[in-house]
There are 2 protein chains.
Amino acid sequence: MSAFDCVSFCRALGDETRQAILQMLQKKGEMGVNAIVAAFERSSQPTISHHLKILKHEGLVTSRRDGKEILYALNGGNVEECCGMLWAKFVPAKSVTTRTRTSKARA
Amino acid sequence: MSAFDCVSFCRALGDETRQAILQMLQKKGEMGVNAIVAAFERSSQPTISHHLKILKHEGLVTSRRDGKEILYALNGGNVEECCGMLWAKFVPAKSVTTRTRTSKARA
DNA sequence: ACAATATATTGACAACTTTCGATATGTATT
DNA sequence: AATACATATCGAAAGTTGTCAATATATTGT
């Protein structure tokens with residue numbers, strides 16, 4: 001059974017700030033919380049921590065401690081798998097577009 | 001109207017009932033509202049109408065009147081395009097589907 | 001042990017969502 | 001035009017979410 005739930009995955013992505021965090025992690029690789037907070041003049045540190053918690057719980061980011069910092073990084077594999085699931089669930093099979101190497105026939 | 005917004009797309013998909021509606025439309029093709037309501041013992045007619053409105057506003061379904069009924073259908077093209085956008089936005093370019101051992105990080 | 005730094009958690013509040021009953025609007029039939 | 005049917009909209013209750021200030025926890029250096 002797929003470990004991921006399409007609904008909660010979409011929920012996790014259904015927020016401006018969380019998408020921005022993910023995209024930043026994709027670009028910059030690992031980042032500490034402070035660095036992320038600094039990049040979002042708009043949001044407080046607790047708010048960022050809250051979003052990171054949601055992203056982590058959904059498996060979209062990983063974290064590891066490095067000294068005082070905790071470094072977060074995009075979990076590319078899981079994001080990919082979730083996107084593939086979405087695709088498989090809703091896109092009618094006949095569409096043969098662009099690059100597909102995406103989905104293993106296994107729904 | 002092909003300028004889709006990843007966040008509102010995910011928001012629209014971030015609901016159990018809406019995903020179920022979409023999936024049913026994918027399977028069964030066009031359906032009237034009553035038919036959909038009938039399939040969801042759980043939800044009232046106004047609730048289904050509300051969800052359909054959101055899906056339509058997001059371009060994920062189309063609707064047309066046929067006599068007394070209004071028939072809804074999956075807008076496969078847009079769903080596909082949105083999924084592709086998501087993929088492009090968050091999946092690192094060269095990740096090769098390595099069947100990650102699904103470690104859904106829990107707190 | 002103490003102070004400084006980095007992150008997480010708590011508690012509270014406003015804003016938004018989901019849901020439903022009641023009602024309105026539109027369409028066909030008699 | 002009156003009635004029946006199909007769907008949309010309104011208004012309110014209940015639940016969920018995003019946000020922040022304050023506080024707690026963890027780590028490092030003095």
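Since this is a predicted model, take the numbers as computed values, not measurements. In what follows, chains carry the letters A, B, and so on, assigned in the order in which the sequence lines appear, proteins first and then strands, with residues in each chain numbered from 1.
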Legend entry - hydrophobic_cluster_shared for B:Leu74 and B:Ile70, side chain cutoff 4.5 Å: yes
Legend entry - Phosphate OP1/OP2 of C:dT7 contacted by A:Asn34 side-chain N/O (<4.0 Å): yes
Inset, instruction - Report the distance from atom CZ of B:Arg64 to atom P of C:dT27, rounded to the nearest whole Å. - result: 15 Å
Legend entry - B:Lys53 NZ - C:dC20 P separation (whole Å): 17 Å
Legend entry - Phosphate OP1/OP2 of C:dA8: any A:Tyr72 side-chain N/O under 4.0 Å: yes
Inset, instruction - Using atom CG of B:Asp66 as one end and atom C1' of C:dG26 as the other, report the distance to the nearest whole Å. - result: 14 Å
Inset, instruction - Quickly work out the A:Ile48 CD1 to D:dA21 C1' distance and round it to whole Å. - result: 16 Å
Inset, instruction - Give, for atom CH2 of A:Trp87 and atom CD of B:Glu80, the distance between the pair rounded to the nearest 0.5 Å. - result: 4.0 Å
Legend entry - Integer-rounded Å distance: D:dA6 P and B:Glu30 CD: 17 Å
Legend entry - Among D:dT9, D:dT19, C:dT18, the nucleotide that comes nearest once only the side chain of B:Asp15 is considered: C:dT18
Inset, instruction - Would you kindly give the CZ-to-P distance between B:Phe40 and C:dT19, to the nearest whole Å? - result: 11 Å
Inset, instruction - Let me know, please, whether A:Arg18 or A:Gly67 comes out on the 5' side of the other along DNA chain D by nearest nucleotide. - result: A:Arg18
Inset, instruction - Provide, to the nearest angstrom, the distance between the NE2 atom belonging to B:His57 and the C1' atom belonging to C:dT17. - result: 16 Å
Inset, instruction - Would you mind telling me which residue lines up with the more 5' stretch of DNA chain C, A:Arg11 or A:Leu52, judged by nearest nucleotide? - result: A:Leu52
Inset, instruction - Give A:His51 one of three labels, base, sugar-phosphate or nothing, depending on what nucleic acid heavy atoms sit under 4.0 Å from its own. - result: sugar-phosphate
Inset, instruction - Using a cut-off of strictly less than 4.0 Å, decide whether B:Thr47 has a side-chain nitrogen or oxygen near OP1 or OP2 of C:dT18. - result: no
Legend entry - Residues, nucleotides or ligands: over 12 heavy atoms within 6.0 Å of A:Gln23 CD: yes
Legend entry - Nucleotide nearest B:His50 (side chain, heavy atoms from C-beta), chosen from C:dT18, D:dA22, D:dT28: C:dT18
Inset, instruction - Using only heavy-atom distances, decide whether a donor-acceptor pair under 3.5 angstrom links the side-chain of A:Gln45 to the base of C:dA8. - result: yes
Inset, instruction - Report the residues that fulfil side chain to side chain donor-acceptor pair (under 3.5 Å) with A:Gln26, sequence neighbours left out, ordered by chain and then residue number. - result: none
Legend entry - From D:dC10, C:dA8, D:dA26, nucleotide with atom closest to A:Ile70 side chain: C:dA8
Inset, instruction - Take atom CZ of A:Arg65 and atom P of D:dT27, then tell me their distance rounded to the nearest Å. - result: 4 Å
Legend entry - Side-chain heavy-atom pair A:Phe9, B:Leu13 within 4.5 angstrom cut-off: no
Legend entry - Any A:Ser49 side-chain nitrogen or oxygen under 4.0 Å from OP1 or OP2 of C:dT7: no
Inset, instruction - Please check the phosphate of C:dA4 (OP1 and OP2 only) for any side-chain N or O of A:Lys68 closer than 4.0 Å. - result: no
